[in-house]
Amino acid sequence: MGRTRHSAKIVIGIHEQVRGKGIGTKLFQKMEEHARTNEIRRLELSVIANNAPALSLYHKMGFEKEGIKRESLFFDGKYHDEYFLSKLL
């Protein structure tokens with residue numbers, strides 16, 4: 001844990017019925033505040049490559065794509081790519 005003590009992995013989900021109401025933005029603002037208070041310098045997450053609403057939120061909050069894990073997930077009868085994103089505080 002010593003080498004990655006400055007990093008935090010984020011997993012988030014916002015119910016479809018309440019998306020677009022600013023909940024994600026507020027949640028990320030609070031997460032970032034908590035991270036800074038606890039000396040976390042790096043936030044990281046992954047997202048299904050075709051999840052446009054999530055990608056829009058993550059980019060809006062300052063996350064940048066670092067890489068692609070091709071066909072890493074399988075559901076709905078097909079393979080899906082996964083993006084890895086991060087934000088340095």
Side-chain angles (χ1 to χ4, degrees):
M1 179 154 165
R3 291 183 183 193
T4 58
R5 186 177 197 100
H6 67 288
S7 295
K9 289 184 172 62
I10 297 169
V11 178
I12 182 174
I14 300 171
H15 196 280
E16 200 172 324
Q17 293 176 338
V18 294
R19 288 181 194 153
K21 298 183 184 212
I23 294 169
T25 299
K26 289 177 186 173
L27 185 57
F28 270 94
Q29 289 168 341
K30 288 292 185 184
M31 277 192 283
E32 189 171 320
E33 182 182 316
H34 177 79
R36 290 180 189 279
T37 300
N38 290 280
E39 300 179 3
I40 295 171
R41 174 161 166 66
R42 177 182 168 85
L43 300 175
E44 50 190 51
L45 54 83
S46 65
V47 61
I48 299 166
N50 66 354
N51 187 341
L55 285 166
S56 176
L57 172 63
Y58 302 152
H59 289 294
K60 172 182 155 186
M61 299 310 300
F63 282 78
E64 296 179 27
K65 186 167 65 170
E66 290 190 325
I68 302 170
K69 192 172 180 182
R70 296 178 304 156
E71 296 186 0
S72 66
L73 304 169
F74 183 83
F75 59 91
D76 294 336
K78 58 186 173 182
Y79 293 97
H80 299 268
D81 293 349
E82 185 176 11
Y83 289 159
F84 289 91
L85 293 89
S86 72
K87 178 178 182 177
L88 299 179
L89 304 176

Given side chains that start at C-beta, do those of L55 and P53 come closer than 4.5 Å, heavy atoms only?
no
Working to the nearest 0.5 angstrom, can you tell me the gap between E71 CD and E82 CD?
12.5 Å
Applying the 4.5 Å side-chain criterion to the ILVMFWY set and letting contacts propagate, would Y79 and V47 be lumped into a single cluster?
no
Flag the pair I10 / Y58 as yes when at least one side-chain heavy-atom distance between them is below 4.5 Å, and no otherwise.
no
If two hydrophobic side chains count as joined below 4.5 Å and joins carry through other members, does F84 share a cluster with L43?
no
Atom CG of L45 and atom CE of M31: how far apart are they, to the nearest 0.5 Å?
8.0 Å
If the condition is side chain to side chain contact (heavy atoms under 4.5 Å, CB included), which residues does L88 pass it with, not counting sequence neighbours?
R41, R42
Full working for side chain to side chain contact (heavy atoms under 4.5 Å, CB included) between L73 and I48
CA-CA 8 Å; L73 304 169; I48 299 166; 3.7 Å; yes
Set of residues satisfying side chain to side chain donor-acceptor pair (under 3.5 Å) with respect to D76, sequence neighbours excluded:
none
Got a sec, which pairs hit side-chain hydrogen bond (donor to acceptor under 3.5 Å, both in side chains) with one end in residues 21-34, sequence neighbours left out?
T25-K60, E32-R36, E32-K87, H34-N38
Which heavy-atom pair separates I40 from S7 by the least distance, and what is that distance?
CG2-C, 4.1 Å
Ignoring hydrogens, what is the shortest heavy-atom contact between G24 and I14? Give both atom names and the distance.
CA-CD1, 3.3 Å
How are the rings of H80 and F75 set to each other: parallel, tilted or perpendicular (split at 30° and 60°)?
parallel
Hydrophobic cluster membership, with links at side-chain heavy-atom distances under 4.5 Å among I/L/V/M/F/W/Y: are F74 and Y83 in one?
no
